[in-house]
Each structure stands twice: as structure tokens, then as C-alpha cells.
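Side chains included, hydrogens not; waters and symmetry mates left out as well; all remaining heavy atoms used. A quick note: this is a predicted structure, and the numbers were derived from the prediction, not measured.
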Amino acid sequence: MAKDSSNRQSQLRQLIAQLAARMMAEEGISDYAHAKRKAGRQLGVTDSQCMPTNSEIEEEIRVYHEIYNSDDQPEALLQLRKDALLVMQLLERFNPHLTGAVLDGTAGKYAETHIHLFADSLKEVEIFLLNQQIPYATDEKSYRISERRSMERKKVPVFTLEGPHGLIRLSVFEVDDMRMPTKSPVNGSNASRANIEALASLIQQSEPLS
């Protein structure tokens, strides 16, 4: 009996992971917790033990792209990276770094692009966007960071831009925060970040051979 219950939980975890992955791949959802809750509601599952980990969902995203988007996803990902590079070059003075799904390769069409900026003041970034006549919306985002061997959360302001192929979110950190990497929502390790040079190199490697 216990084995049957365990098997059912495992099956439900996989179903939720697959549905959440499809949402993130096709609807541009970037928040794992939101996708997980939404998938659980659609499947009528409320048991927390049936909820997959973020790592399980990420694996299903990669599988989903391989099965359903093998022709379109690489091209869409490349375009999002090129869009990110243009924005980062424009904001070069704020030491921009790309992170998230557009960097790690799991982003699908219209996915959100996440860029970290490091500035002396929020006002400096805001004035730059206004001078460039770039419309934006303001919000904030909470990041997990490691500081002095303890895990803490840090809220930072976010400027959201309407990119040509999806939203571009600019999280504005203090200059000294560059030494404190944020934590990946997938597995809790230090999140990967790529500066302009690294992203340009990644794009060059991803360009189809003519």
C-alpha cells in the first residue's frame, strides 16, 4: 500500500514537472514556484510531497525543447541573446551581466531576459534610461545571496523594458554586490553570469555555419 502511494506521488511529481516545464517553455513564465503552483492547480494536486524540485522542472524544460522545439528553440534563444547583448552594450557603464534562462539555454520564445547591473546609485540608471528615451516599468526582486557564510535575501530594484522578443528585466545592484553572487533558483548554487565579452563569445559559438 505504501509502495502504491509512493508510486502515485512520483507520477504526480513528474506530471507537474512536465506541465510546469511546458508553461515556462511556451508562456515565458520565469518563476519556478509560480509555474509549479499553477501546474498543481490545473492537475488538482495540493500535496506538497507531490511537488517537483526546480531541478526536476529544469530537466523537463530541456526535454520539452528537444522534443517539441528542436527546430525553433535554438534560433529563438540566439535571438534573445543578441537582444540582450545590444541592451548590455548600451548599458556598458553599469557593468551588465546576463543571467538566467537566456544564458543557461533553457529559454524559449518570448522568455524573460534577466540582466544584472552594478551602479553607484539607482538614480544614475534611471536618468540614463530617461535620457535614452527608453520606456520602463519599475518593480523589485528578491535574490538569495551568501554573505559571511549565511544565506540572506536581498531586495533590489528592477527596471523592466519591452524588448523586441520579450521582457528584459534589469536588476540594479550596488557596485560592491559584484563580489556576492546570487543563488540559482534551480539548485541553490552560485548563479552563472556572463559579461558583454562572454556573451558575445557565446553568440559567436552559437551562430549557424553558413
Side-chain angles (χ1 to χ4, degrees), residues 10-48 50-88 98-116 134-144 155-171 182-188 191-194 199 202-203 206:
S10 178
Q11 291 171 353
L12 287 174
R13 281 170 69 94
Q14 185 172 17
L15 285 173
I16 293 171
Q18 289 171 342
L19 181 54
R22 182 184 64 77
M23 292 173 177
M24 296 182 76
E26 298 295 341
E27 299 176 21
I29 296 174
S30 62
D31 188 307
Y32 281 88
H34 173 62
K36 200 183 302 187
R37 288 193 300 268
K38 189 174 180 181
R41 284 197 302 270
Q42 287 194 15
L43 293 171
V45 179
T46 57
D47 186 351
S48 60
C50 296
M51 293 297 163
T53 65
N54 293 350
S55 295
E56 289 172 327
I57 296 174
E58 185 191 48
E59 180 58 31
E60 291 294 345
I61 292 172
R62 295 185 187 279
V63 172
Y64 186 90
H65 283 316
E66 288 174 7
I67 295 174
Y68 299 106
N69 297 330
S70 59
D71 293 333
D72 300 332
Q73 193 262 348
E75 183 179 348
L77 177 64
L78 182 59
Q79 186 59 64
L80 289 171
R81 286 173 172 173
K82 288 181 176 179
D83 293 346
L85 182 60
L86 289 174
V87 172
M88 289 167 67
L98 178 66
T99 190
V102 176
L103 176 60
D104 68 33
T106 58
K109 197 173 184 181
Y110 305 123
E112 291 182 356
T113 298
H114 291 267
I115 296 172
H116 292 178
I134 299 174
Y136 60 83
T138 58
D139 201 352
E140 62 180 16
K141 181 176 172 63
S142 177
Y143 286 91
R144 286 191 304 151
K155 283 188 176 180
V156 301
V158 177
F159 293 108
T160 300
L161 315 182
E162 287 274 0
H165 302 95
L167 296 178
I168 298 174
R169 300 197 186 277
L170 309 174
S171 295
T182 59
K183 295 300 178 180
S184 167
V186 177
N187 55 27
S192 298
R193 293 191 297 213
L199 178 56
L202 184 61
I203 289 171
S206 304

So how far is it from L98 CG to H114 NE2, rounded to the nearest 0.5 Å? 10.0 Å
Verdict with reasoning, T182 to R144, per side chain to side chain contact (heavy atoms under 4.5 Å, CB included): CA-CA 6 Å; T182 59; R144 286 191 304 151; over 6 Å; no
Side chain to side chain, T160 and Y136, heavy atoms closer than 4.5 Å: no
Is it the case that more than 12 heavy atoms not belonging to E27 sit under 6.0 Å from its CD atom? yes
E75 atom CD: more than 12 heavy-atom contacts under 6.0 Å: no
Give a yes or no answer on whether the side chain of K36 reaches the backbone of I16 with a donor-acceptor pair at less than 3.5 Å. no
Nearest 0.5 Å please: distance from the CG atom of L19 over to the CZ atom of R41. 11.0 Å
Correct closest heavy-atom pair for L161 and P135 would be CD2-O, 3.7 Å
Which atom pair, heavy atoms only, marks the closest approach of A35 to M24? CB-CG, 3.6 Å
Measure the spacing between CD of E112 and CG of D31 and express it to the nearest 0.5 Å. 9.0 Å
Does some side-chain heavy atom of L170 sit less than 4.5 Å from a side-chain heavy atom of V87? yes
Reported SG-to-CD distance for the pair C50 and Q11, which is rounded to 0.5 angstrom: 10.5 Å
Please identify which of these residues, Q73, E26, Q18, E59, meets the side chain to side chain donor-acceptor pair (under 3.5 Å) condition with Y64. E26
Where do S55 and N187 come nearest, in terms of heavy atoms and distance? OG-CB, 3.9 Å
Side chain to side chain, I168 and I115, heavy atoms closer than 4.5 Å: yes
What is the minimum heavy-atom distance between D104 and A101, and which atoms define it? OD1-O, 3.2 Å
Quick one: does any side-chain atom of T99 pair with a main-chain N or O of S192 as donor and acceptor, under 3.5 Å? yes
Mind checking the CG-CG spacing from L77 to D72? Nearest 0.5 Å is all I need. 12.5 Å
Are side-chain N/O atoms of N54 and E58 paired as donor and acceptor at under 3.5 Å? no
Residues M51 and R13: closest non-hydrogen pair is O-NH1, 3.1 Å
Are the aromatic ring centres of H116 and Y143 under 6.0 angstrom apart? yes
Please indicate whether K109 has more than 12 foreign heavy atoms, meaning atoms of other residues, nucleotides or ligands, lying under 6.0 Å from its NZ. no
Please answer whether the main-chain N or O of L103 pairs with a side-chain N or O of R81 as donor and acceptor at a distance below 3.5 Å. yes
If you define the side chain from C-beta out and look only at heavy atoms, does anything of I29 sit under 4.5 Å from H34? yes
Taken to the nearest 0.5 Å, the spacing of Y110 OH from Q79 CD works out to 11.0 Å
Taking every heavy atom of T113 against every heavy atom of A84, the minimum-distance pair comes out as CG2-CB, 3.9 Å
